[in-house]
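Beneath this line is the structure, given in structure tokens, with notes to follow.
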There are 2 protein chains.
Amino acid sequence: MAPGWEAIRAEVMNRIRSRVWPPGGLIPSEETLAAEFGCARATVNRALTELATAGLLERKRKAGTRVAALPVRKATLDIPVIRAEVTARGQAYSFVLMSRDLTAPPTGVAARLGLASGVPLIHLQTLHLAGGLPQIFEDRWLNPAILPQHEPDFTAISANEWLVANIAFSTGDIAFSAEAASPAEAAALSVSPGAALFITERCTWSAHAPITWVRLAHAPGYRLQTLL
Amino acid sequence: MAPGWEAIRAEVMNRIRSRVWPPGGLIPSEETLAAEFGCARATVNRALTELATAGLLERKRKAGTRVAALPVRKATLDIPVIRAEVTARGQAYSFVLMSRDLTAPPTGVAARLGLASGVPLIHLQTLHLAGGLPQIFEDRWLNPAILPQHEPDFTAISANEWLVANIAFSTGDIAFSAEAASPAEAAALSVSPGAALFITERCTWSAHAPITWVRLAHAPGYRLQTLL
DNA sequence: ATGGCTATTATGTCTATACATAATGGCCGA
DNA sequence: TCGGCCATTATGTATAGACATAATAGCCAT
């Protein structure tokens with residue numbers, strides 16, 4: 001007679017799906033539901049809060065809780081470290097640092113990082129391989145101000161892994177798109193120029209300084225997948 | 001003296017970022033932290049539970065809570081209804097149903113929906129336009145068993161919108177990839193064949209029956225974007 | 001009418017306590 | 001030494017009660 005919060009979440013989801021509580025409709029108050037289910041209000045709250053963060057319910061103080069009219073589905077993606085992604089598939093991971101220099105980035109990159117254009121950044125181009133085959137071409141701009149005195153040896157540890165292990169991260173954004181392979185990318189990934197590549201573009205900041213901008217061009221066949 | 005759970009979450013994040021608690025390291029128990037912060041254990045629990053679902057912490061009974069060694073970042077994407085996405089950009093939305101028939105789907109589609117190949121499904125091809133320009137080419141297979149007696153008029157309401165408004169949904173998955181435009185897609189979106197297109201592929205089931213498989217080919221320039 | 005104040009109400013959060021559950025580590029016996 | 005049982009321990013969940021906060025709805029005075 002005292003269902004757990006997961007049971008309540010399931011029951012509420014049923015009532016939403018079966019339209020006992022129609023989209024946009026107001027559902028009973030936490031107290032009412034607690035009485036109905038025979039549990040404490042906190043338990044109902046736990047369940048409803050979860051469903052609200054999942055986008056199925058909209059809650060407002062005093063106004064009550066209503067079923068979301070347009071259920072904007074939220075999918076959560078895992079953004080793994082490349083090495084982990086490759087080894088999880090049972091393939092051998094390796095990478096090659098193809099170039100490293102210190103120059104001013106394109107204005108687009110500087111702008112997205114919030115830096116004045118003209119400020120020199122470390123530019124790294126890395127090819128990531130899975131089982132010896134090219135998998136991802138990485139184009140990275142890195143703020144030298146966040147590095148220690150002795151710059152890490154990025155031929156030994158990939159910039160990605162060094163950063164996740166050593167740099168405090170606070171915010172960032174990520175974007176996915178499809179683009180035709182540039183000649184450089186085509187050569188690195190051994191595909192024909194113009195091939196459709198899946199692109200991941202990421203930008204990260206620590207509390208005060210920009211850290212890095214990175215663009216990953218995935219070899220054809222790459223799929224980013226998740227459950228709804 | 002009694003910080004809220006959000007304050008505690010922030011403080012814990014600080015200690016993780018500043019490496020007071022290093023990656024892979026064990027952090028103090030809930031009780032210890034509650035004593036330190038001067039609040040109840042439930043409050044600490046609320047904060048740590050959140051950080052665990054966000055992927056920053058790993059918690060195991062008895063073993064305690066440790067900072068995630070490989071912080072698999074989780075990005076949450078909003079999957080909006082196409083109309084909402086377009087009108088949110090201030091553009092006029094419209095769509096054209098280009099074809100509708102009832103045939104057996106390709107084996108790949110049948111397999112992903114968990115149907116025997118040979119079962120006929122409704123096949124809809126729709127072009128979505130934003131401000132009169134082609135935006136998304138939709139290729140959808142729909143299980144007729146889940147439709148009411150009178151099939152909705154999919155020239156008047158898009159299948160997508162009819163489904164979110166009328167069909168109970170339980171599980172599904174979604175995948176993103178990049179593919180070269182097929183001749184049909186190229187013609188519909190008025191791009192050259194072979195152009196790099198961003199592809200969204202979605203599969204949904206209700207409690208017992210498969211609902212639909214849909215593939216969206218986005219016009220060049222499309223970006224799927226989110227905060228980390 | 002209309003503007004602003006106030007009482008009401010549902011959610012948001014916190015506390016203290018209790019018991020459940022999972023996993024570890026050590027004890028004990030074969 | 002090895003295996004299995006059990007106590008310990010940290011998290012997971014539930015409880016009743018309390019106060020905070022936001023937003024509505026109605027009232028009142030202009």
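Sequence lines set the chain letters: A, B, ... in the order given, protein chains first and strands last, and positions in each chain run from 1.
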For B/R223 and A/E179, what are the C-alpha separation, side-chain angles and deciding distance, and is it a salt bridge (charged side-chain N to carboxylate O under 4.0 Å, His left out)?
-> CA-CA 10 Å; B/R223 278 166 75 89; A/E179 288 182 34; 5.4 Å; no

Nearest-Å distance for atom pair [atom1]/[atom2], residues [X] and [N]:
X     : N      : atom1 : atom2 : result
B/R66 : C/dT24 : CZ    : C1'   : 12 Å
A/L33 : C/dT11 : CG    : C1'   : 13 Å
B/F37 : C/dC14 : CZ    : P     : 13 Å
B/L26 : C/dT24 : CG    : P     : 12 Å
A/E30 : C/dT13 : CD    : P     : 11 Å
A/L57 : C/dG12 : CG    : C1'   : 15 Å

Please list, in 5' to 3' order, the outermost nucleotides of DNA chain D lying under 4.0 Å from any heavy atom of chain B.
->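 With heavy atoms of chain B under 4.0 Å away, the range is D/dT8 to D/dT13.
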
Parallel, tilted or perpendicular: which fits the ring planes of A/F198 and A/H218, with parallel below 30° and perpendicular above 60°?
->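 Because their plane-to-plane angle is over 60°, the rings of A/F198 and A/H218 count as perpendicular.
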
Do the non-hydrogen side-chain atoms of A/E138 and A/V214 ever get within less than 4.5 Å of each other?
->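 In short, these two side chains touch, coming nearer than 4.5 Å.
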
Close side-chain approach of A/L224 and B/S177, heavy atoms under 4.5 Å |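 A/L224 does not reach B/S177 side chain to side chain.
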
Taking for each residue the nucleotide of DNA chain D bearing the nearest heavy atom, is the 5' side occupied by B/K62 or by A/K60?
->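 Result: B/K62.
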
Within a reach of under 6.0 Å around CD of B/E31, are more than 12 heavy atoms found that belong to other residues, nucleotides or ligands?
->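 Counting other residues, nucleotides and ligands, CD of B/E31 stays at 12 neighbours or fewer.
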
Can you check whether [Y]'s main-chain N or O pairs, donor with acceptor, with [X]'s side chain at less than 3.5 Å?
X      : Y      : result
B/S158 : B/E161 : yes
A/W205 : A/L113 : yes
B/T43  : B/W5   : no
A/T49  : A/N45  : yes

OG1/B/T200 to CG/B/L216 distance, rounded to the nearest 0.5 angstrom?
->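 The CG atom of B/L216 is 5.5 Å from OG1 of B/T200, to the nearest 0.5 Å.
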
Least distance between heavy atoms, B/L121 atom then B/L115 atom |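 The pair with the smallest heavy-atom distance is CD2-CD1, 3.9 Å.
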
Using heavy atoms and a sub-4.0 Å distance, could you list which residues of residues 43-50 of chain A are near DNA chain C? By number, please.
->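 Listed by number, they are A/N45.
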
N/O-N/O pairs, protein side and nucleotides 16-20 of chain C side, under 3.5 Å:
from	atom 1	to	atom 2	distance (Å)
C/dA18	N6	B/R41	NH2	3.3

